[in-house]
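Okay, structure first, notes after.
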2 protein chains.
Amino acid sequence: MARRSDHTRDELKEVILNASWKIIEKHGFSGLTARRIANDIGYAPGTIYNIFSSMDDLYLAVNSMTLDKLYDTLSSTECQAPKKTPIQNIKKMAQLYRAFTKKHRSHWLMLFTYILPKGKKPPSWYQEKITRLFEPLENLLKPFYSEKQSRKRKMAARVLWASVHGICFLEETGKIPLISNQENPPDMTGYLIDNFVSGIQN
Amino acid sequence: MARRSDHTRDELKEVILNASWKIIEKHGFSGLTARRIANDIGYAPGTIYNIFSSMDDLYLAVNSMTLDKLYDTLSSTECQAPKKTPIQNIKKMAQLYRAFTKKHRSHWLMLFTYILPKGKKPPSWYQEKITRLFEPLENLLKPFYSEKQSRKRKMAARVLWASVHGICFLEETGKIPLISNQENPPDMTGYLIDNFVSGIQN
DNA sequence: CTATAAATTGAACAATGTTCAGAATTGTGA
DNA sequence: TCACAATTCTGAACATTGTTCAATTTATAG
């Protein structure tokens, strides 16, 4: 029996989340079970329910971790080089996003394949983490819009990000039939960005 | 006990799929269980396994239905009006896609949230149905590319479709934080199409 | 009518999320 | 130090899931 002084409540929460992260890494989202977590951390299954109200609650917490990591990636200085053109930086950001989908494939997939029970809405802090995700791209789009067009600029960021994501997601789940080996998804996102930004500039 | 002369094998397959379709409509993908299907069609659960090798197999068949319906939608004459501009037709097609995601929300979501067990690839006829899905859009893009650029045109179709899909999917799953009530997803797809096509034309 | 083939059944199994009474552990007040 | 209270943890139990398969029922061929 685990002793209750082993971890504080907060520590235990972290231990559970870290174990979950690794399980997803190895066995995918569907391999994440309460019993497996409990086994890995040396606690009984019931203990998890002292920390999380349900597995859905835990899924949300894991997704929150993924969102944080994704934010770190997108706000990297790599795609904010002042010496490069905005387009180059946007493309770099798309590359970073793509790399993220590869490195944390299962976590990234979970972010989009786990859908809350119908009618349920995520908590507001979760929505805020998503909103925050768009900011780096909003900044990169500043050269193309005046101050007064900030709303339009935000929309452009959403459109562009959703589009890049759409390409990555369909490709990663095998739903974009490749025409040949010549066109790979990086080319596709590049093609998208070139044309979209070119359209903006007109 | 259901009598074996009630339905032929093929009929039974259809009966199962139709029941599944309705269940998903009412209770979502997660509400689709072998026992519920069996109950609805008046057979025992085991019977389903005479027709489908597993529930995964059945999911694939349901998704195949959805793909067929989606193809019918996208190849509608509504978005192939000769009197309208290509852009207008493309926008119409995007609208039709969007309408489909609303009308058959659960089935459409299932198409993307059910991911085959890692390593497993869908059968080739399934891939072909996906490939076929791009053809209507490929045709609408013909005015923008020469005969020799057909490969580029196909890539454009994939990019554009994936992008529109990305917008719809993120919006439908609550992952595009709206800036205000003024920008709704139809506007966003319109914005995307305008700019992308404008970029192509340069 | 009988024997064979085929289709259907439903009990059984392992695994899942979840609950909660009771056991184990720790903190507290004398 | 000791007794009692509060907290934490356990793990058996329950309902449900996909899945299997021997037994049963039904249809057909000879």
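So you know, we letter chains A, B, ... as the sequences are listed, proteins then strands, and number each from 1. Computed from heavy atoms alone, side chains included, the values below leave out hydrogens, waters and symmetry copies.
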Checklist entry - Charged N to carboxylate O under 4.0 angstrom, B:E25 versus B:R105? => result no

Next on the checklist: Whether B:K22 and B:D40 form a salt bridge (side-chain N of Lys/Arg under 4.0 Å from carboxylate O of Asp/Glu) is what I want to check.
Outcome noted: no

Checklist entry - So which of residues 30-40 of chain A are in contact with DNA chain D, with a heavy-atom cut-off of under 4.0 Å? => result A:R35

Checklist entry - Does any N or O in the side chain of B:S54 come within less than 3.5 Å of the main-chain N or O of B:D57, such that one atom is a donor and the other an acceptor? => result yes

Checklist entry - So does A:R132 pair up with A:D68, basic N to acidic O under 4.0 Å? => result yes

Item to check | Residue met sooner reading DNA chain D from 5', once B:S54 and B:A2 are mapped to nucleotides | outcome: B:S54

Checklist entry - For DNA chain C, which residues in residues 6-23 of chain B have a heavy atom at a distance below 4.0 Å? => result B:L12

Item to check | First-last contacting nucleotides on DNA chain C - partner chain B, under 4.0 angstrom, heavy atom | outcome: C:dA5 to C:dA12

Next on the checklist: Could you tell me if the side chain of B:L12 sits less than 4.5 Å from the side chain of B:I16, heavy atoms only?
Outcome noted: yes

Checklist entry - Sub-3.5 Å donor-acceptor pair from the side chain of B:Q149 to the main-chain atoms of B:S146, do we have one? => result yes

Checklist entry - Quick one: are the ring centres of A:F29 and A:H107 less than 6.0 Å apart? => result no

Item to check | Under-4.0 Å salt bridge between A:R158 and B:E171 | outcome: no

Item to check | Rounded interatomic separation in angstrom, taking CG from B:N50 and C1' from D:dT19 | outcome: 12 Å

Item to check | With A:R35 via side-chain hydrogen bond (donor to acceptor under 3.5 Å, both in side chains) - residues at least two apart | outcome: none

Donor-acceptor pairs under 3.5 Å, side chain of residues 42-51 of chain B to any protein atom, not counting sequence neighbours: which ones?
residue, atom, partner, partner atom, Å
B:Y43, OH, B:H7, ND1, 3.3
B:T47, OG1, B:A44, O, 3.4

Checklist entry - Counting only non-hydrogen atoms, which of residues 42-49 of chain A are less than 4.0 Å from DNA chain D? => result A:G42, A:Y43, A:A44, A:G46, A:T47

Next on the checklist: In whole Å, I'd like the distance from the CE atom of B:M55 to the P atom of D:dT16.
Outcome noted: 16 Å

Checklist entry - Does the B:R36 side chain pair with the main chain of B:I23, one donor and one acceptor, at a distance under 3.5 Å? => result no

Checklist entry - What about the rings of B:F134 and B:W161, do their centers lie closer together than 6.0 Å? => result yes

Checklist entry - Quick one: the side chain of A:R4 and the base of D:dT8, do they pair up donor-acceptor inside 3.5 Å? => result no

Item to check | Aromatic contact, A:F196 with B:F196 (centres under 6.0 Å) | outcome: no

